[in-house]
Amino acid sequence: MTGPHPLADHAVVDRLGKDLQAAGYTSEGVNQLIGASANEALGRGVWWPALAATRAAPDHDAPLATIVRLFLLGADEPADGVARAFPSVRPDALVDAGVLTVGADDSLRAALDIRPHADDVREYLVVSDQDSAVRAGPVAADHVLGIGGASVSLARAVIRTPVGRALDIGTGCGIQALHLDNHCDEIVATDTNPRALALAAATARLNQMAWDLRAGSLFEPVAGERFDLIVSNPPFVVGAGGQDYIYRDSGVAGDGLCADLIRQIPDHLNPGGTAQILANWVVPHGTDWRERVRGWLAGTDLDAWVVQREFADPITYISLWLSDAGESAQQAADRGARWLDWFAANGIDGIGMGSITLRRRSRDGGEPDQTIEEITGAGEEVTGVEAEAFFARRHYLRDISDERLLATRLSTSPVFLEEQCLPGGEGWQQVSATVRRPGGPGAVLAVDEVSRALLAGCRGQVPLGALLELLAGFHGVEPDALAVAAIPVVREAIGRGILYEAT
């Protein structure tokens with residue numbers, strides 16, 4: 001475990017924030033200092049180009065360069081340079097607050113990772129522990145993870161419609177709560193790790209925010225309470241049930257924590273409320289991953305959109321998580337062997353990774369609408385805009401009858417027609433064709449000659465039924481028979497955002 005909780009003194013946090021702001025320590029400020037290519041490499045975890053850029057810059061000893069080397073690059077800096085970078089708070093106060101440590105030659109080194117982060121709304125500062133790339137040895141058991149691919153993915157996927165109460169389960173450094181603050185009146189953030197709560201509190205204060213931070217697992221800290229929005233990037237890593245590292249290991253065997261989380265959500269979600277979770281699920285030998293997650297959803301009475309983004313075999317999955325902890329090669333090999341044995345003993349072929357978005361209907365009635373699918377294409381990630389539109393489309397399809405649909409004028413979204421052809425004796429022979437809505441997760445529809453013509457004709461001017469009659473006449477088929485065949489295709493196209501009701 002690490003030492004006492006850092007940044008407990010609010011006055012130190014406030015003065016630290018003042019100096020970071022004065023130095024221009026923002027996403028744009030860092031990018032201008034080190035250059036776009038070094039900044040891009042830093043985002044991939046490659047830090048040495050940024051270090052070289054700060055040392056070669058004309059203002060290499062300016063406060064911003066010193067701060068970047070300290071907090072982003074893990075460099076040792078002379079005490080006088082640090083004092084210039086932080087005129088409002090003495091270096092010894094930052095040492096006492098757990099922000100800096102003193103080296104053998106009286107140089108100073110960051111004990112925390114404090115980095116700028118931005119979205120479309122504003123700039124933030126995020127406090128976490130330094131990862132294994134810029135520190136020696138394995139991370140501590142109570143290590144607080146910083147901004148990573150999973151946390152950014154969840155932040156992009158969250159629906160940003162303004163709501164009253166929001167809950168962030170497993171807040172860690174507070175990255176989800178930061179984004180929630182822009183559209184939620186009240187934020188409750190929980191974690192089992194006291195150090196995480198301390199760093200989340202520092203993150204909140206540096207950004208002039210106030211969250212209700214509570215200690216405990218899953219819904220224990222909010223028993224009896226309900227929320228309009230629940231988000232969670234939990235410690236979902238699948239394993240034997242140990243808890244070597246709190247940020248990844250839940251202490252529950254297999255995927256039990258994610259299953260428990262999903263099953264408890266209905267007791268804490270207001271009517272019309274949404275829950276958005278990142279999760280991992282085991283895929284036992286000879287089974288379909290969809291059945292695993294469908295079992296979690298059974299009895300919840302919630303509408304759901306489950307998207308598997310990746311599937312990893314045991315060796316790939318274990319290697320991914322071993323690389324994060326900074327353990328020695330021998331430690332990693334021993335841990336990996338034990339982990340792999342556990343997968344084999346439990347007959348697990350691999351692990352599915354993805355997102356689960358849930359919604360409680362505003363009014364009761366009808367079976368829950370649950371879509372479980374695999375979407376792995378680049379550029380097809382779930383976003384908040386797409387998630388909100390997905391549920392709106394499913395609600396529309398649930399409420400509209402086939403008769404009403406035939407009387408409705410439909411328009412086609414901006415789409416691409418993609419044809420797959422093979423060379424033949426008479427030139428290229430088309431074997432299949434699809435229509436794709438760019439940027440839409442899973443927004444692809446197989447089409448034939450008739451459905452291609454139907455989509456081309458949906459321009460918001462003619463009711464669907466009349467358009468089908470025209471197509472039936474052109475192709476010499478019965479209009480009613482064509483309507484029966486076309487309605488399922490039209491509904492799928494609406495569900496994928498390829499067709500929509502014209503206004």
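Side-chain atoms are counted along with the backbone in the values below, which use heavy atoms only and exclude waters and symmetry mates.
In this structure a side-chain-to-backbone donor-acceptor pair under 3.5 Å is missing from R360 to G273. Distance alone, capped at 3.5 Å, is enough to place a donor-acceptor pair between the D255 side chain and the V282 backbone. Remark: the backbone N or O of G251 is not paired with any side-chain donor or acceptor of D249 at under 3.5 angstrom. Using a distance-only test at 3.5 Å, with no hydrogens or angles considered, no donor-acceptor pair links the side chain of W339 to the main chain of S319. The backbone N or O of I147 sits nowhere less than 3.5 Å from a side-chain atom of S151 that would complete a donor-acceptor pair. A donor-acceptor pair is defined here as one N or O able to donate and one able to accept, closer than 3.5 Å; no such pair exists between the side chain of S413 and the backbone of V415. Side-chain atoms of Y500 never come within 3.5 Å of backbone atoms of R393 as a donor-acceptor pair (strictly under, hydrogens ignored).
Scanning both residues, G460 and A502, for their nearest heavy atoms gives CA-CB, 3.6 Å. When all heavy atoms are compared, the tightest approach of Q176 to V231 is CB-CG2, 4.1 Å. C173 approaches V144 most closely through the heavy-atom pair N-CG1, 3.8 Å. Of all heavy-atom pairs between A177 and D168, the closest is N-OD2, 3.5 Å. Heavy atoms only, all atoms of each residue included: F390 and A304 are closest at CE2-O, 4.4 Å. Minimum heavy-atom separation, S132 to G326: CB-CA, 3.6 Å.
With rounding to the nearest 0.5 Å, the separation of CG in L125 from CG in L178 is 9.0 Å. A distance of 5.0 Å separates CD1 of I494 from CG of L410, quoted to the nearest 0.5 Å. Taking OG1 of T54 as the start and CD1 of I34 as the end, the distance is 8.5 Å to the nearest 0.5 Å. D119 CG to N182 CG: the interatomic distance, rounded to the nearest 0.5 Å, is 6.0 Å. Separating the CG atom in L218 from the OG atom in S250 is a distance of 8.5 Å, to the nearest 0.5 Å. To the nearest 0.5 angstrom, I187 atom CD1 is 4.0 Å from D181 atom CG.
Residues H268 and F227 place their aromatic rings such that the two centres sit no closer than 6.0 Å.
Under a 4.0 Å N-O distance rule, the pair R361/D369 does not qualify as a salt bridge. Salt bridge E386/R437: present, at least one basic N to carboxylate O contact under 4.0 Å. A salt bridge does not link R394 to D303: none of the charged side-chain nitrogens sits closer than 4.0 Å to a carboxylate oxygen. Salt-bridge check for R156 with D120: failed, with every basic side-chain N at 4.0 Å or more from each acidic carboxylate O. E291 and R294 are joined by a salt bridge, as a carboxylate oxygen and a charged side-chain nitrogen come within less than 4.0 angstrom of each other. Between R359 and E388, at least one side-chain N (NZ, or NE/NH1/NH2) sits under 4.0 Å from a carboxylate O, which counts as a salt bridge.
In this structure the side chain of S411 never reaches within 4.5 angstrom of the side chain of C458, judged on heavy atoms. Side-chain atoms of P284 and T287, non-hydrogen and from C-beta on, do get closer than 4.5 Å to each other. A 4.5 Å side-chain heavy-atom check between D244 and R335 finds at least one atom pair inside the cut-off. At least one side-chain heavy atom of L257 sits under 4.5 Å from a side-chain heavy atom of P235. Residues L417 and T434 fail the side-chain proximity criterion, which asks for heavy atoms closer than 4.5 Å. Within the 4.5 Å cutoff, the side chain of H117 has heavy atoms near those of the I175 side chain. Y124 is not listed as a side-chain neighbour of T203, based on a closest heavy-atom distance of 4.5 Å or more. Residues Y25 and F71 are in side-chain contact: their nearest non-hydrogen atoms beyond the backbone lie under 4.5 Å apart.
Applying side-chain hydrogen bond (donor to acceptor under 3.5 Å, both in side chains) to W305 and the options Q370, Q276, E373 leaves one that passes, E373. Considering T357, V306, I265 in turn, I265 is the only one that fulfils the side-chain contact (heavy atoms from CB on, under 4.5 Å) rule with I277. Tested against I356 for a side-chain contact (heavy atoms from CB on, under 4.5 Å), the candidates I262, V307, L261 yield a single pass: I262. When each of R496, R436, R309 is tested with E380 by the rule salt bridge (Lys or Arg N to Asp or Glu O under 4.0 Å), just one qualifies, namely R436.
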Return a table of donor-acceptor pairs under 3.5 angstrom between the side chains of residues 481-493 and protein atoms on other chains or two or more places apart.
residue	atom	partner	partner atom	Å
R491	NE	D402	OD1	3.1
R491	NH1	L397	O	3.0
R491	NH2	I400	O	2.7
R491	NH2	D402	OD1	2.9

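A donor and an acceptor atom, one from each side chain of Q331 and S328, are located under 3.5 Å apart. Side-chain atoms of E501 and T408 include no donor-acceptor pair closer than 3.5 Å. A donor-acceptor contact closer than 3.5 angstrom is absent between the side chains of Q264 and D260.
Annotation: E449, atom CD; neighbour count of heavy atoms from other residues, nucleotides and ligands within 6.0 Å does not exceed 12. Taking a 6.0 Å sphere around CD of Q429, one finds it holds more than 12 heavy atoms contributed by other residues, nucleotides or ligands. Residue L320 qualifies as enclosed at atom CG: its count of foreign heavy atoms under 6.0 Å is above 12. At most 12 non-hydrogen atoms from other residues, nucleotides or ligands lie less than 6.0 angstrom from CZ of R459.
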For this session: Evaluate the side chain to side chain contact (heavy atoms under 4.5 Å, CB included) criterion for residues R290 and Q308: first the C-alpha distance (whole Å), next the side-chain angles of each, then the deciding distance (0.1 Å), finally the verdict.
Result: CA-CA 9 Å; R290 296 168 182 82; Q308 178 168 283; over 6 Å; no
Exercise. So R452 and E419, salt bridge (charged side-chain N to carboxylate O under 4.0 Å, His left out) or not? Walk me through it.
Worked result: CA-CA 11 Å; R452 284 170 62 161; E419 297 181 334; 2.9 Å; yes
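Aromatic ring pairs are classed by plane angle as parallel below 30°, tilted from 30° to 60° and perpendicular above 60°; the pair Y245 and Y247 is tilted. Between W289 and W281, the ring planes lie parallel to each other; the angle is under 30°, not in the 30° to 60° tilted range.
Applying the salt bridge (charged side-chain N to carboxylate O under 4.0 Å, His left out) test to E123 and every residue at least two apart in sequence or in another chain returns nothing.
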